[in-house]
Number of protein chains: 2
Amino acid sequence: MGFMAQSAPTADRILTVATDLFGRHGIAGTSLDDIAGTVGVAKQTLLYWYPSKDALIGKVLTATAVELLYAIDKPVRGAGDGFARVEATINSVFAAAVRRPSLLGLVRELNRLDTSTSDQLLDAMSSHIETAVAWLEGEMQAGRLRKADPRILLSLVYATVVGVATETEALRVVGWEPTVGNLRKLRREMIEFLRAALLP
Amino acid sequence: MGFMAQSAPTADRILTVATDLFGRHGIAGTSLDDIAGTVGVAKQTLLYWYPSKDALIGKVLTATAVELLYAIDKPVRGAGDGFARVEATINSVFAAAVRRPSLLGLVRELNRLDTSTSDQLLDAMSSHIETAVAWLEGEMQAGRLRKADPRILLSLVYATVVGVATETEALRVVGWEPTVGNLRKLRREMIEFLRAALLP
DNA sequence: ACCTTTCTCTACCAAATGGTAGAGGAGAGA
DNA sequence: TCTCTCCTCTACCATTTGGTAGAGAAAGGT
């Protein structure tokens with residue numbers, strides 16, 4: 001992983017580029033020629049590694065899910081009560097989003113897919129969801145988080161983090177620019193925002 | 001407006017359907033044939049009213065911006081201090097999103113467009129943005145809202161509202177279903193979430 | 001009755017798209 | 001050296017896409 005040098009296996013380079021382009025321009029807005037051209041390879045090489053566009057899409061989605069779940073898993077099971085654990089998770093997701101902006105952009109493509117395609121992905125996530133919901137409920141009972149519907153709360157936090165990480169236009173329109181310093185400030189403000197929203 | 005009966009002018013029906021399909025499947029994922037077929041008209045009829053797909057896209061985007069700004073303008077200039085005005089605005093946007101779910105979905109397409117296309121739209125919104133930012137700053141000074149960077153705060157609220165209103169998959173994965181009662185509950189939880197996030 | 005404008009249609013077209021068929025190069029094992 | 005597998009290529013195809021050309025129905029003004 002990491003830098004994905006030119007010498008990386010062709011299949012991996014294709015997957016990386018496809019993830020990037022799908023996330024930036026949408027799945028429908030990205031042709032196999034676009035991907036092949038960016039990788040620097042013929043379209044048929046691409047079709048050798050992934051027998052159809054649908055197959056490529058499937059691989060990209062599962063690989064993305066795996067990468068994001070990996071980023072989430074550690075902090076979620078880490079130490080800390082109340083908001084500390086939420087903060088660690090958010091930081092991890094945010095770091096992943098900064099490292100590869102297209103990752104979260106791709107997550108939003110799920111809304112575009114027919115439900116049957118995304119159902120398996122959602123299945124893969126459901127156990128994580130239930131764990132998170134149960135934990136939220138416990139923290140609320142213990143008075144460490146504001147009492148609310150834990151499922152809706154989860155969606156709201158998700159929407160806030162993914163939204164602000166992907167909706168670059170919304171940030172551009174308020175005059176924000178993506179420098180390193182501004183990114184740190186954005187993360188700090190987001191944490192404060194969510195801290196206020198979640199603490200009792 | 002309102003129900004958009006079959007007898008509405010063809011150009012309007014095309015615009016409505018195009019907004020819907022662009023918002024649901026993305027601009028790149030919607031062909032002129034899709035739109036024409038849904039409207040129940042030949043593709044060339046569509047090209048008579050809008051000379052090219054780009055022209056149609058432009059019309060759809062500006063019409064959407066107008067409709068959303070109209071929904072926002074009243075509550076923004078309404079009475080009430082502190083969170084009351086924010087709440088009225090959010091309710092208005094949320095009502096618009098429920099009435100036409102594709103509206104906000106379309107807003108997210110802006111990220112996909114090349115910057116030059118969206119620049120004019122952002123220009124049209126910039127005065128509203130500045131008004132909102134100035135008001136937020138005033139309320140913070142007066143101690144009626146939590147002190148924070150008003151521009152980033154605006155983006156965070158935007159991301160939360162638009163995200164939760166459009167990211168149906170995120171709600172589906174936590175077992176939420178779009179009934180009337182659940183929609184009311186969702187709005188209530190969202191308001192509470194934002195109230196906690198914004199009040200000092 | 002006639003003409004003009006408005007609107008929608010059928011019939012095409014060139015480019016792009018996802019995909020197939022199969023040739024050919026490079027390396028490893030015999 | 002021969003062959004076998006792995007990998008990438010050129011050449012081609014059917015479908016879809018955005019778009020053009022122009023015919024024809026309907027309606028109003030004269």
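In this text, all values refer to a predicted model and were calculated from it rather than measured experimentally. Order of the sequence lines sets the chain letters (A, B, ...), proteins ahead of strands, with each chain counted from 1.
For A:Leu46 and C:dG19, the CG to C1' distance is 12 Å, given to the nearest whole Å. Here C:dG18 presents its C1' atom at 8 Å from NZ of A:Lys53, a figure rounded to the nearest Å. The distance between atom CG of A:Asp34 and atom C1' of C:dA15, rounded to the nearest whole Å, is 14 Å.
Sequence neighbours left out, the pairs with a member in residues 19-29 of chain A that pass salt bridge (Lys or Arg N to Asp or Glu O under 4.0 Å) are A:Asp20-A:Arg24. For residues 33-59 of chain B, the pairs satisfying side-chain hydrogen bond (donor to acceptor under 3.5 Å, both in side chains) are B:Ser31-B:Asp34, with sequence neighbours left out.
Under the salt bridge (Lys or Arg N to Asp or Glu O under 4.0 Å) criterion, A:Arg151 pairs with A:Glu130, sequence neighbours left out. In this structure A:Thr166 satisfies the side chain to side chain donor-acceptor pair (under 3.5 Å) test together with A:Arg108, sequence neighbours excluded. Applying the side chain to side chain donor-acceptor pair (under 3.5 Å) test to A:Thr179 and every residue at least two apart in sequence or in another chain returns A:Asn182. For B:Lys147, the salt bridge (Lys or Arg N to Asp or Glu O under 4.0 Å) test picks out no residue, with sequence neighbours left out. Residues that satisfy the salt bridge (Lys or Arg N to Asp or Glu O under 4.0 Å) test with B:Glu139, not counting sequence neighbours, are B:Arg144. The side chain to side chain donor-acceptor pair (under 3.5 Å) search around A:Arg188 returns none, not counting sequence neighbours. A:Arg99 meets the side chain to side chain donor-acceptor pair (under 3.5 Å) test with no other residue; sequence neighbours excluded.
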Close N/O contacts between protein and nucleotides 6-8 of chain C (under 3.5 Å):
{"unit_1": "C:dT8", "atom_1": "OP1", "unit_2": "B:Thr10", "atom_2": "OG1", "d": "2.5"}
{"unit_1": "C:dT8", "atom_1": "OP2", "unit_2": "B:Trp49", "atom_2": "NE1", "d": "2.6"}

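Near DNA chain D, defined here as any heavy-atom distance below 4.0 Å, there are no residues from residues 17-28 of chain A.
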* List the steps, then state whether side chain to side chain contact (heavy atoms under 4.5 Å, CB included) holds for B:Glu67 with B:Thr19. => CA-CA 12 Å; B:Glu67 186 165 344; B:Thr19 304; over 6 Å; no
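Of all nucleotides in DNA chain D, those with any atom nearer than 4.0 Å to a heavy atom of chain B start and finish, going 5' to 3', at D:dT17 to D:dA21.
Residue contacts for A:Leu47: at a heavy-atom cut-off of 4.0 Å it reaches a base atom on one of the strands shown.
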